[in-house]
Participant: 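For reference, the structure I am asking about is given below.
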Protein chains: 2
Amino acid sequence: MLWEIDFGDTCGPNFHGRTFMDSKEIRDQVVEHLRKKGLRVTKERTAIIEAAFGSSRHFTAEELLEEARKLVPSVSRATVYRTLPLLLETGLLHRLDLDRGERYYDPNYATHPEHNHLICLDCNKIFEFEDNHLEARENEITRALGFAPATKHVRIEATCQRLRELGFCQNRG
Amino acid sequence: MLWEIDFGDTCGPNFHGRTFMDSKEIRDQVVEHLRKKGLRVTKERTAIIEAAFGSSRHFTAEELLEEARKLVPSVSRATVYRTLPLLLETGLLHRLDLDRGERYYDPNYATHPEHNHLICLDCNKIFEFEDNHLEARENEITRALGFAPATKHVRIEATCQRLRELGFCQNRG
DNA sequence: TTACGTGCAAACCGTTTGCACCAAT
DNA sequence: ATTGGTGCAAACGGTTTGCACGTAA
């Protein structure tokens, strides 16, 4: 129950041997969330939702704006920032705690609700992985401490073994 | 190898049944780090180091400034921000990824280099814990993916079981 | 029709930086 | 004496917000 997800040049992942969940299905879930809250389904929000979940790539608020504008050019930065919290509420999008300057958002919680991150300090790429053992132990600990788990996240910073052994990082470039 | 660390009102932890490592010993390590880098040990830096590691409480940059000024009133915000990266470099201080507005810093990596965090969504308190099983599994996974682990961190958000069962949270107030 | 949502631009706030002065080595 | 460190205040950059207009329900 452990697999590797190779990101693209910057932060774009793809789960090996898996089909990315139909983006329309995810969008419907988000729209449903808006409806339940009595909020309006505007064309701007629709564009932002589409942009956020249209690929499996991590993104910043600015990148989301750019992408949403390809669908609805009039979308404003303010609306992106006002919509992001609504998406986070659904649990389908998470804010990542990369310690880079800007905040990154990860849309892959729709398809992999319990995934974790490994950040390569050599090539700066991000890999996603899931592991049942880890998850089970996290639950045990949480209950032992008298809590009920809500969100769990493991973040591992690591270095390429190959870089140290061979002098180059296979993930680089 | 699992224990609970109850924070104070906001973010102040204390490891149960453990003596907090002598703050002087930690300061010496940090000073040594500065010397190795050929940097000067000024009274401002000394005050900031003292303030950072003088208690086990988490803190923001602003709180660190306030605390350092109790020791050396002339310490400036700029110097705090310029010194923080030096402390992080030592590995004795970590920046926390609480998703609150401001960044928090955790000075407990001197005494507990591999500890993790559990955040109670009901009372907003933070607990620290260590676990060998978790750690071992993290290492396994990292190596299986072809990496050598550098930094590992588990962050669990959870709700008080007691709040749900009894209607109140024992950690509140 | 009428709130709610939007774009715009200004405000905000934590953090960084340029500069002239200061002090650890 | 030298050169890195400091305080100050301005700049910076991501995010939030007030306001008047627009539009989904």
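All chains are named by letter (A, B, ...) in the order of the sequence lines, taking the proteins before the strands, and each is independently numbered beginning at 1.
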Participant: Just the rounded figure in Å: distance from P of C:dT16 to CD of B:E62.
Facilitator: 14 Å

Participant: Can you tell me the distance, in whole Å, between the CG atom of A:L86 and the C1' atom of D:dT16?
Facilitator: 15 Å

Participant: Is there a donor in the side chain of B:N116 and an acceptor in the side chain of B:K152, or the other way round, less than 3.5 Å apart?
Facilitator: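 No, because no side-chain N or O of B:N116 sits under 3.5 Å from a partner of the opposite role on B:K152.
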
Participant: Are the aromatic ring centres of B:H94 and B:Y105 under 6.0 angstrom apart?
Facilitator: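 Aromatic pair excluded; centres sit 6.0 Å or further apart.
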
Participant: Is the phosphate of D:dT16, meaning OP1 or OP2, less than 4.0 Å from a side-chain N or O of A:R77?
Facilitator: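 False: A:R77 side-chain N/O out of range (4.0 Å or more) of D:dT16 OP1/OP2.
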
Participant: With the criterion being N/O to N/O and under 3.5 Å, what pairs connect the protein with nucleotides 19-25 of chain D, and how long is each?
Facilitator:
unit_1: D:dA25; atom_1: OP1; unit_2: A:V41; atom_2: N; d: 3.3

Participant: Tell me whether the side-chain N/O atoms of B:Y81 come closer than 4.0 Å to OP1 or OP2 in C:dT15.
Facilitator: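 Yes.
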
Participant: Just checking, is any N or O donor in the side chain of B:H117 or B:H153 under 3.5 Å from an acceptor N or O on the other one?
Facilitator: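 Indeed, the side chains of B:H117 and B:H153 share at least one donor-acceptor pair under 3.5 Å.
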
Participant: Could you state the CD-C1' distance from A:E102 to D:dG14, rounded to the nearest angstrom?
Facilitator: 8 Å

Participant: Using whole Å, report how far CG of B:L84 lies from C1' of C:dG14.
Facilitator: 12 Å

Participant: Between residues 64-76 of chain A and DNA chain D, which residues have a heavy-atom gap below 4.0 Å?
Facilitator: none

Participant: Hey, which sits more toward the 5' end of DNA chain C by its nearest nucleotide, A:V80 or B:R95?
Facilitator: A:V80

